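Model, not experiment: these values are computed from the prediction.
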Amino acid sequence: MIQTLSVFYHYKDEKREIGRLAHKERVIYFEYSKEFLNSSLQLSPYKLPLRAGVFVCDDDVFEGLFGLFGDSLPDGWGRLLLDRHFMNSGVNYNEITPLDRLSYIGAYGTGALSYEPIVEDTHISVSDQLILDDLAVASKEILKGESEEMLETLLTLGGSSAGARPKVMVQLSEDKKSIVHGAQALQSGYEHWLVKFASSHDSEDIAKVEYIYSLMAKDAEIEMSETTLLESRGNHYFATKRFDRVGDRRVHMHSVAGLTHSDFRVPILDYDDLLALTLHFTKDVNELYKMFRLAVFNLLAHNRDDHAKNFSFLMDSDGTWRLSPAYDLTLSYGPSGEHSTTYLGEGRSPNKETLLALAKKHNISDGKKVIEEIEATIRGFESYSKTVGLKESSMKNIKKILFS
C-alpha cells in the first residue's frame with residue numbers, strides 16, 4: 001500500500017512539485033510545498049486554495065481525496081481495469097486506497113498532474129501498431145467477464161479514463177491511418193487522441209451517432225476538439241483529439257465535479273448553477289455564453305447524461321481559466337430518463353420556455369436566437385446521418401426521440 005505520494009504539476013516544459021499526499025488510518029492528508037506556495041497558481045481555488053498548512057477533505061465524494069486529485073482517478077471502465085489488475089496481483093480489494101490508484105496512474109493521467117512513486121509493473125512495447133478491432137473484442141470480453149486477454153494492454157491504454165464506455169488513449173498519425181500506444185513521448189507526425197468502443201449496452205451504431213453529434217455541435221457553434229470516425233475491417237470507432245494535450249505539453253483540466261465536489265453519480269446539479277459558476281470562475285461573459293449554448297444543445301439533442309464530470313475547465317499557464325471544449329455529446333438517457341443536470345429545477349421535460357427563462361436570469365440577451373440556431377442545426381439530423389452512413393432504422397428511431 002502506498003502511504004505517501006508526491007504530486008507534480010506540468011507547467012509549460014517544467015515539472016513542479018506542488019505538494020504531498022499522505023494516507024494514515026483511513027484519512028488522506030495534503031500539504032502544498034513551500035516552493036509551490038510562491039507560484040500564485042490556483043489549481044483548485046474553491047476546495048483547495050493555495051495556502052500553507054495541512055488539508056483534510058471533509059467529504060467522501062472522491063473517497064477522501066480533494067477533487068483536484070479525484071479528477072485523476074479513473075471511474076467506470078478505467079477503474080474496472082485497474083481493480084482487476086490489482087486483484088490479479090494478489091491485492092485484497094478492500095485494501096486498495098485512492099493513493100494506490102493514483103500511483104498506478106503516475107504520469108499518464110488526464111490533465112497536467114502526475115504522481116510519484118509510480119507503480120511500473122506492466123511490460124508492453126509502446127512502438128507496436130495497435131489494431132482497434134483486437135482491442136474492441138478484448139474490451140467486450142472483459143466487460144462480460146469472459147476473458148482477461150489484453151487486460152494489461154488495455155489498462156495502460158485506458159486505465160486513467162473516466163466514463164463507462166471502454167476507451168483507449170493513443171497516438172494517431174496525421175493521415176489517420178496509423179495508431180500507436182499513447183503512453184510514450186509523442187512520435188513525429190502523430191497527435192494524442194482518445195478512441196471509444198461500444199459497451200454492452202450500446203447500439204452497434206454508437207460510434208456513428210456520436211460522430212454525427214460532434215458534427216452537429218460544431219455547426220451549432222459549440223467548441224469541440226477535432227473528431228473523426230475510424231474504420232477497421234468494416235467496423236467504426238469514434239475518436240476525438242485530446243484537448244488536455246497540445247503536442248506533448250500537458251494542460252491543466254478540472255471537471256465541475258472535481259472543482260465543486262459535486263457527486264456526478266447523483267443528479268444534484270442545475271444549469272442555473274453551471275452558468276453562475278462559469279461566470280464567477282472564468283470572469284468572462286464569453287465563457288458564460290458558451291455554457292448556455294451547450295445547455296441548449298444538450299436539451300434539444302436529448303443528451304441527458306449531462307452530469308458534473310461531463311463539464312470541465314482548462315487553465316492556461318498564466319492561471320487563466322476557460323470552459324473546455326464540449327465532450328461526450330450523444331443521444332443519451334439520464335437517471336430515470338431525466339437530465340442529470342436540471343434546467344431551473346426541471347429534469348424530465350424542460351422546454352424552450354425553460355431555456356428562455358434561464359437566458360433571462362443570466363442576462364443572455366440573444367437566448368432566443370441561440371435556441372433557434374441550434375434547433376435548426378439539429379433539424380438537419382437526417383442529412384448528417386446520410387452523410388455518415390447511419391443505418392436507416394437507427395436514423396428513424398433517433399428522429400422519433402428528437403422530434404416527437
Side-chain angles (χ1 to χ4, degrees), residues 74 76-85 88 104-111 114 118-144 146-200 202 204-208 210-211 214 225-250 327-328:
W77 169 249
R79 184 172 177 125
L80 169 68
L81 294 176
L82 192 51
D83 287 352
R84 291 265 184 94
H85 167 77
N88 288 346
Y104 195 95
I105 297 305
Y108 296 110
T110 56
S114 66
I118 301 172
V119 176
E120 294 182 292
D121 56 359
T122 56
H123 304 282
I124 61 168
S125 175
V126 295
S127 61
D128 289 346
Q129 288 281 319
L130 297 174
I131 307 299
L132 290 180
D133 288 335
D134 294 344
L135 297 172
V137 170
S139 67
K140 188 174 295 185
E141 291 177 347
I142 289 172
L143 283 172
K144 292 180 179 179
E146 296 176 350
S147 169
E148 293 195 350
E149 186 178 355
M150 298 185 73
L151 174 64
E152 300 301 325
T153 298
L154 286 166
L155 177 59
T156 56
L157 286 166
S160 63
S161 61
R165 283 177 61 190
K167 52 185 68 69
V168 289
M169 297 179 184
V170 302
Q171 294 183 21
L172 181 64
S173 63
E174 292 175 356
D175 63 6
K176 310 292 190 295
K177 294 181 179 179
S178 176
I179 303 173
V180 297
H181 204 290
Q184 59 180 317
L186 188 63
Q187 303 298 292
S188 177
Y190 286 75
E191 294 175 308
H192 290 289
W193 283 68
L194 183 147
V195 183
K196 293 185 178 182
F197 303 128
S199 74
S200 56
D202 289 325
E204 61 183 43
D205 277 346
I206 184 64
K208 289 185 177 180
E210 187 163 2
Y211 182 56
S214 74
S225 189
E226 183 183 351
T227 60
T228 192
L229 200 60
L230 299 175
E231 184 175 357
S232 177
R233 301 172 186 169
N235 298 310
H236 294 89
Y237 304 99
F238 176 78
T240 181
K241 188 176 176 182
R242 291 177 61 177
F243 53 75
D244 65 330
R245 297 290 185 271
V246 178
D248 239 1
R249 182 171 66 82
R250 304 178 66 160
Y327 55 95
D328 284 355

- [ ] Check ring pair (Phe, Tyr, Trp, His ring centres under 6.0 Å) between F243 and all other residues, then give those that pass, not counting sequence neighbours.
- [x]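 Listed in chain order: Y327.
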Open item on the list: Taking ring pair (Phe, Tyr, Trp, His ring centres under 6.0 Å) as the definition, give me every residue that meets it alongside F197, ordered by chain and number, with sequence neighbours left out.
Closed with: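 Partners of F197 by the ring pair (Phe, Tyr, Trp, His ring centres under 6.0 Å) criterion, ordered by chain and then number, come out as Y237.
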Open item on the list: Which residues pass the side-chain contact (heavy atoms from CB on, under 4.5 Å) test with D328, not counting sequence neighbours?
Closed with: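 Scan of D328 (side-chain contact (heavy atoms from CB on, under 4.5 Å), adjacent residues dropped) gives K196, E210, N310.
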- [ ] Apply side-chain contact (heavy atoms from CB on, under 4.5 Å) to E231 and list each qualifying residue two or more places apart in sequence or on a separate chain.
- [x]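 Applying side-chain contact (heavy atoms from CB on, under 4.5 Å) to E231 gives H236.
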Measure the [atom1]-[atom2] distance between [X] and [Y] for me, rounded to the nearest 0.5 Å.
X: F238; Y: L194; atom1: CZ; atom2: CG; result: 8.5 Å
X: L80; Y: L82; atom1: CG; atom2: CG; result: 9.5 Å
X: L155; Y: Y108; atom1: CG; atom2: OH; result: 13.0 Å
X: R245; Y: L186; atom1: CZ; atom2: CG; result: 10.5 Å
X: L154; Y: H85; atom1: CG; atom2: NE2; result: 13.5 Å
X: Q171; Y: L130; atom1: CD; atom2: CG; result: 10.0 Å

Open item on the list: Closer than 3.5 angstrom, by distance alone: can the side chain of S173 be matched with the main-chain N or O of S178 as a donor-acceptor pair?
Closed with: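 A pair under 3.5 Å: yes.
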Open item on the list: Quick one: does any side-chain atom of R250 pair with a main-chain N or O of G111 as donor and acceptor, under 3.5 Å?
Closed with: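 Judged by distance alone, yes, a pair lies under 3.5 Å.
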Task: Pairs involving residues 170-180, ordered by first then second residue, that meet salt bridge (Lys or Arg N to Asp or Glu O under 4.0 Å) (sequence neighbours left out) - done: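 Listed by first then second residue: K176-E226.
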- [ ] Write out all pairs satisfying salt bridge (Lys or Arg N to Asp or Glu O under 4.0 Å) with one or both partners inside residues 184-194, taking only residues at least two apart or from two chains.
- [x]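 Applying salt bridge (Lys or Arg N to Asp or Glu O under 4.0 Å) to every pair that reaches into residues 184-194, excluding sequence neighbours, yields E191-K241.
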Indicate every side-chain donor-acceptor pair of residues 135-142 with a distance under 3.5 Å to a residue at least two apart or in another chain.
residue	atom	partner	partner atom	Å
S139	OG	L135	O	3.3
S139	OG	A136	O	2.8

Task: Results of side-chain hydrogen bond (donor to acceptor under 3.5 Å, both in side chains) for T240 - residues two or more places apart only - done: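 If we apply the side-chain hydrogen bond (donor to acceptor under 3.5 Å, both in side chains) test to T240, skipping adjacent residues, there are no hits.
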Of all residues at least two apart in sequence or in a different chain, which pass the salt bridge (charged side-chain N to carboxylate O under 4.0 Å, His left out) check with [X]?
X: R242; answer: D244
X: D205; answer: none
X: D248; answer: none

- [ ] Taking all non-hydrogen atoms of both residues into account, name the closest pair between Y211 and T227 and its distance.
- [x]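 Nearest heavy atoms, Y211 then T227: CE1-OG1, 3.6 Å.
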